[in-house]
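Note on naming: letters A, B, ... go to the chains in the order of the sequence lines (proteins, then strands), and numbering restarts at 1 for each one. None of the values given here were measured: they were computed from a predicted structure.
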Protein chains: 2
Amino acid sequence: MAISFTEENYLKVIHRLSEATSEDISTNAVAELMQTKAASVTDMLRKLADKGWVNYQKYQGVRLSPAGEKIALSIVRKHRLWEVFLVDKMGFNWDEVHEIAEQLEHIESDELVQKLDAYLGFPKTDPHGDPIPNKEGILPELAYLHLSDIKAGKNCILMGVAQDSAVFLQLLTKLNLSLGAKLAIMEINEFDRSFFVSINDAEPIFISHEVAKNILVKILA
Amino acid sequence: MAISFTEENYLKVIHRLSEATSEDISTNAVAELMQTKAASVTDMLRKLADKGWVNYQKYQGVRLSPAGEKIALSIVRKHRLWEVFLVDKMGFNWDEVHEIAEQLEHIESDELVQKLDAYLGFPKTDPHGDPIPNKEGILPELAYLHLSDIKAGKNCILMGVAQDSAVFLQLLTKLNLSLGAKLAIMEINEFDRSFFVSINDAEPIFISHEVAKNILVKILA
DNA sequence: TTTATTTTTTAGGTTAATCTAAAAAATATT
DNA sequence: AATATTTTTTAGATTAACCTAAAAAATAAA
Ligand SMILES: [Mn+2]
Ligand SMILES: [Mn+2]
Ligand SMILES: [Mn+2]
Ligand SMILES: [Mn+2]
């Protein structure tokens with residue numbers, strides 16, 4: 001069955017929202033991420049349900065069907081592989097690739113995806129630390145923690161970010177925070193839950209709680 | 001001004017037809033290449049004229065404006081750069097890349113095109129011997145000849161093909177004909193204008209006039 | 001130079017994806 | 001339990017890109 005870019009984007013958005021909760025996804029939540037109106041979403045959900053890609057009953061919210069999940073994962077796979085390509089091969093910075101990948105993720109060619117994957121050395125994660133689903137659509141569950149949830153005194157490694165926005169990523173770059181950085185939490189300020197963190201054993205720097213919330217880490221043993 | 005994939009494809013098709021002639025391009029010619037109906041073309045030509053990308057007066061045919069020419073050339077540039085990428089980096093054969101490049105040519109990012117160009121080593125031609133327009137949209141005029149127009153006894157080098165179709169390219173591959181091959185024209189058969197040609201000094205093989213017409217060569221001094 | 005044929009345009013519709021405004025259903029608050 | 005608020009859906013339009021059928025213009029043939 002033919003699928004449009006728009007339909008692919010809806011499935012991707014529903015998938016993204018589903019990762020955060022086991023509840024059904026609301027029309028309004030989809031509308032916000034799709035940057036469209038709720039009325040348009042209602043139309044599209046009906047169409048996606050007709051095509052068998054979501055389970056939807058009006059006023060009840062929506063969930064991906066197995067078929068829809070498969071499509072969504074294949075788009076996420078392409079998005080993240082292309083992001084790796086853009087950073088590793090084309091020399092883009094991690095804050096520059098998301099918009100381009102939003103376009104490239106819709107290119108349709110299984111052979112291309114396979115060859116790209118091999119060319120990149122079968123990467124497991126994208127430039128933001130997000131896991132890349134394999135060909136079968138299996139997404140390794142990476143159990144990372146938000147820096148904001150870690151206690152003072154702990155050491156950890158920066159494994160990913162919870163947000164792709166250019167402004168956020170550029171801020172991290174300015175702070176010398178990149179994937180793989182070693183973070184030592186020196187102190188958490190009670191006043192605003194901001195952090196003093198030493199990055200790769202350098203002089204501690206100040207990090208807002210808002211930033212810490214969007215940094216994903218793994219605690220060192 | 002925003003441009004759609006469809007509009008880009010129309011401009012590309014008008015550009016292609018304009019290369020073959022200095023006459024105005026007919027509605028029907030565009031319709032055939034776009035695989036659509038003449039009535040749809042008329043609608044679109046009016047729209048493209050409104051946007052300033054073509055000069056069009058009804059019943060008079062159409063020509064690209066300078067602005068339209070620039071857009072068309074940038075799409076051709078992207079198409080051919082991506083074809084080089086697919087063959088040189090991803091390991092596709094020359095008969096497998098056209099359809100994928102038809103999709104990739106619409107990806108919008110000047111930085112990406114620039115980096116891709118550099119990554120590929122600033123190629124001058126694509127895998128089919130077609131010249132790649134530079135950033136300024138200047139297309140080196142490659143004065144190749146059709147093999148079918150060459151006299152018996154001549155030696156030449158295969159520089160390109162006049163057709164991208166997979167069946168044609170696969171046939172060439174079967175015949176051991178690829179870019180750069182040295183062709184010695186042994187004999188041209190009067191009956192059907194077919195050729196006996198020696199490829200890279202091997203035993204002469206038989207080539208139909210139809211094939212010869214679609215092979216572009218440069219004569220050796 | 002009429003008449004016939006071909007090409008192109010117009011007229012009127014369809015489909016996908018969107019919108020605004022109004023109605024209906026679900027949820028929250030008194 | 002009744003009322004108010006929020007969420008979602010329906011109704012009715014719009015735009016881009018396409019279609020078929022009919023009309024108009026251009027070109028070719030008689
Ligand atoms: Mn991204
Ligand atoms: Mn990413
Ligand atoms: Mn091509
Ligand atoms: Mn080509």
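Side-chain N/O atoms of A:Arg46 include one lying less than 4.0 angstrom from OP1 or OP2 on D:dT10.
Among the nucleotides C:dT18, C:dT8, C:dT20, the one closest to any side-chain atom of B:Tyr59 is C:dT8. With D:dT9, C:dT18, C:dT9 as the choices, the nucleotide that has an atom nearest any side-chain atom of B:Ala38 turns out to be C:dT9. Distances from the side chain of A:Asn28 to the nucleotides D:dT7, C:dT10, D:dT9 place D:dT7 closest. For A:Asp43, whose side chain is taken as the heavy atoms from C-beta onward, the closest listed nucleotide among C:dT10, C:dT18, D:dC18 is C:dT18. Of the candidates C:dT9, C:dT18, C:dT8, the closest approach to any side-chain atom of A:Tyr10 belongs to C:dT18. Distances were taken from every side-chain heavy atom of B:Thr42 (C-beta onward) to each of C:dT10, C:dT18, D:dA26; the shortest belongs to C:dT10. In this structure, the nucleotide among D:dT10, C:dC19, C:dT9 sitting nearest to the side chain of B:Lys58 is C:dT9.
Summary of the strand contacts: A:Glu7 and A:Gln60 both lie near DNA chain C, and taking for each the nucleotide with the nearest heavy atom, the more 5' one is attributed to A:Glu7.
The line from NZ of A:Lys37 to CD of A:Glu32 is 12.5 Å long, rounded to the nearest 0.5 Å.
Heavy atoms only, all atoms of each residue included: A:Ile219 and A:Cys156 are closest at CA-CB, 3.9 Å.
Across all strands shown, A:Phe5 has no heavy atoms under 4.0 Å from either base or sugar-phosphate atoms. Using a 4.0 Å heavy-atom cutoff across all strands shown, A:Ser40 reaches at least one base atom of the nucleic acid. Contact annotation for B:Thr27: backbone-only contact, meaning every heavy-atom pair under 4.0 Å involves sugar-phosphate atoms and none involves a base.
For the pair B:Phe195/B:Ile185, a side-chain contact is recorded, criterion being any heavy-atom separation below 4.5 Å from C-beta on.
Ring geometry for B:His128 against B:Trp94 counts as parallel: the plane angle stays under 30°, on a 0 to 90° scale with 60° as the upper cut.
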